2 protein chains.
Amino acid sequence: MAIEKSILLTKMDSLEDQTKFQSRTSQVYSSMRSDIITGILRPGHKLKIEELTKTYGVGSSPIREALSLLTSDTLVTRNDQRGFRVVEVSTEEFDELLKTRVLVEQLALKESMLNGDDIWEEKIILAAHRLSRLPRSASSDIFVANDEWDNLHKKFHMSLVSACGSSILIKFCDQLYDQNTRYRHLAAPRSYPMREINVEHDAISTAVVSRNKESSLKLLADHYQRTGSRLRSDIVALLNS
Amino acid sequence: MAIEKSILLTKMDSLEDQTKFQSRTSQVYSSMRSDIITGILRPGHKLKIEELTKTYGVGSSPIREALSLLTSDTLVTRNDQRGFRVVEVSTEEFDELLKTRVLVEQLALKESMLNGDDIWEEKIILAAHRLSRLPRSASSDIFVANDEWDNLHKKFHMSLVSACGSSILIKFCDQLYDQNTRYRHLAAPRSYPMREINVEHDAISTAVVSRNKESSLKLLADHYQRTGSRLRSDIVALLNS
DNA sequence: AGTGAAAAAATTTTATCATTTGTTTTTTCT
DNA sequence: AGAAAAAACAAATGATAAAATTTTTTCACT
């Protein structure tokens with residue numbers, strides 16, 4: 001017990017240290033990234049350096065460096081001599097993102113099913129289970145993004161591709177996932193029927209664990225297509241308002 | 001004729017303007033990127049800000065921004081509070097890169113063959129033809145990297161995936177290609193037999209244009225595996241020296 | 001006089017640099 | 001060997017120059 005506690009403390013300490021010794025650039029990068037993905041910073045918004053120095057409480061250099069990093073995540077666009085803005089959203093971009101995600105994650109899942117071991121299977125089952133227990137919305141009447149749900153949802157989807165054997169590919173899936181999350185947050189914040197999403201997740205887990213390639217890939221694609229088409233209509237509505 | 005000339009001049013002017021009004025950050029980014037890919041900046045090399053300000057003739061801000069951009073290209077690693085270095089090379093990294101390239105480019109080629117039109121086919125044939133006419137080495141006795149060859153070789157391989165319908169995927173292929181190019185430049189600079197490479201390129205073009213999916217994917221994978229295994233032994237030698 | 005294009009002036013904002021601050025690494029000394 | 005001091009370096013700040021944008025003024029023409 002005493003040992004457990006000390007391990008816990010050590011972990012926390014190291015975590016604190018990490019934050020403490022993180023450069024301002026890294027901190028600002030994380031904050032801004034999150035602000036763009038959650039939609040606090042709106043698509044197309046002009047990112048003025050001076051304004052940002054005030055909101056994030058740091059000088060211009062860390063801001064510019066963070067913006068440069070975000071550029072490569074395709075969350076920010078740079079236009080030489082005329083600054084940075086949050087990338088726009090469009091149905092075309094969304095369609096391309098969705099298509100790419102289906103293709104690439106199918107590929108990564110296929111590879112994972114070839115290489116994955118028991119531990120990998122258990123990771124998926126566990127992630128699906130934990131996710132199913134969480135409410136999609138943080139409030140029961142109106143929809144409020146639930147960070148915990150977001151985290152576990154990402155964990156579940158990333159667990160599927162985690163055994164593909166290519167950290168490069170995993171990183172790519174991660175980026176695509178985050179881009180999609182931005183669209184999800186921007187879409188009309190209303191609570192979709194949870195039950196079917198969980199059913200779909202479970203169906204995927206089951207097919208994957210039983211190593212049914214055909215079915216797994218089909219179910220994953222259908223899942224993306226279904227949630228995607230709902231999101232799409234929200235985006236159309238958003239863009240016409 | 002007079003009109004032609006004026007068009008040409010306009011083009012050149014706009015090109016000049018672009019360079020002129022490019023920020024130092026962008027210029028330094030391009031230069032450093034090229035220096036890392038061609039191996040002028042060696043793997044693992046410590047990238048000291050002060051040193052870089054001298055070699056590239058700009059202040060520290062553009063340097064740091066360029067380094068941030070290169071970080072996302074996986075050509076540079078950042079270590080908070082202890083600066084930047086050129087990413088290391090290793091056989092493990094190379095193997096993963098090769099594997100990922102085969103998987104992702106096969107996927108993109110498959111999609112291209114589904115969507116590509118006549119113009120796309122002609123682009124491939126033309127690129128292969130032009131490439132076949134260029135010498136792999138700029139000098140005939142010792143091996144000297146030939147920029148023209150490098151450019152056309154990239155054009156050929158990118159042409160294959162260019163009709164996949166996803167600019168996101170194309171950009172990813174582009175990045176992977178450049179990472180591989182670094183390994184190619186780092187490998188023992190010796191002139192490989194050119195003839196077989198051209199034969200392989202032609203075989204791929206022919207299969208792709210005749211829309212033979214099975215054969216195209218196989219030939220592409222074999223091509224990568226073959227050039228990859230030669231490269232690999234050079235890298236092993238390099239790392240043991 | 002009134003409209004609107006063009007020019008000029010004022011303002012904002014970006015990009016860059018020189019300098020300071022704080023951390024890491026190396027050297028010195030006990 | 002290990003603490004203390006010195007040097008080297010990264011990171012961040014704030015100031016300045018250069019460029020873009022916005023606003024105001026001018027002026028030709030109905």
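Throughout, protein chains are lettered first and strands after them, A, B, ... in sequence-line order, and every chain is numbered starting at 1. Because only heavy atoms are used, hydrogens play no part in the values below, and waters and symmetry mates are left out as well, while side chains stay in. Please read all numbers here as calculations on a predicted model, not as lab measurements.
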So B:Asp80 and A:Ser26, side chain to side chain contact (heavy atoms under 4.5 Å, CB included) or not? Walk me through it.
CA-CA 8 Å; B:Asp80 269 355; A:Ser26 303; 2.7 Å; yes
Any chance you could lay out the side chain to side chain contact (heavy atoms under 4.5 Å, CB included) test for B:Arg136 and B:Asn146, step after step, and finish with the verdict?
CA-CA 6 Å; B:Arg136 173 88 170 72; B:Asn146 182 1; over 6 Å; no
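One interatomic measurement links the two molecules: CG of A:Leu67 to C1' of C:dA15, which rounds to 13 Å at whole-angstrom precision. Rounding to whole angstrom units, CZ of residue B:Arg24 and P of D:dA19 are separated by 9 Å. Atom CG in A:Leu52 sits about 9 Å away from atom P in C:dT14, given to the nearest Å. D:dA20 atom C1' lies 13 Å from atom CZ of A:Arg85, rounded to whole Å. Atoms NZ (A:Lys54) and P (D:dT13) sit 15 Å apart, rounded to a whole Å. One atom, CD of A:Gln22, and another, P of C:dG22, lie 18 Å apart when rounded to the nearest Å. Between B:Glu65 atom CD and C:dT14 atom C1' the separation is 10 Å, expressed in whole Å. Summarising the geometry, the separation between CZ on B:Arg82 and C1' on D:dC9 is reported as 12 Å, rounded to the nearest angstrom.
Among D:dA12, D:dA19, D:dA10, the nucleotide with an atom closest to any side-chain atom of B:Ile49 is D:dA10. In this structure, the nucleotide among C:dT23, D:dA12, C:dT16 sitting nearest to the side chain of A:Thr25 is D:dA12. Closest approach to the A:Ser23 side chain among C:dT13, D:dA12, D:dA19 is made by D:dA12 (side chain taken as heavy atoms from C-beta onward).
The two residues B:Arg182 and B:Val86 have their closest heavy-atom pair at NH1-CG1, 3.8 Å. Residue A:Ser159 comes nearest to A:Ala127 through the heavy atom pair OG-CB, 4.5 Å, listed as atom of the first residue, atom of the second, then distance.
Both the sub-6.0 Å distance and the 45° axial angle are not jointly satisfied by B:Arg232 relative to the ring of B:Phe94.
The shortest distance between the side-chain N/O atoms of B:Lys46 and the OP1/OP2 oxygens of D:dC9 is not below 4.0 Å.
Nearest-nucleotide positions on DNA chain C for B:Pro62 and A:Lys48 put A:Lys48 closer to the 5' end. Of the two residues contacting DNA chain D, namely B:Phe84 and A:Ser60, the nearest-nucleotide position lying further toward the 5' end is that of B:Phe84. Two residues, A:Gly59 and A:Asp80, neighbour DNA chain D, and the one matched to the more 5' nucleotide by heavy-atom proximity is A:Gly59.
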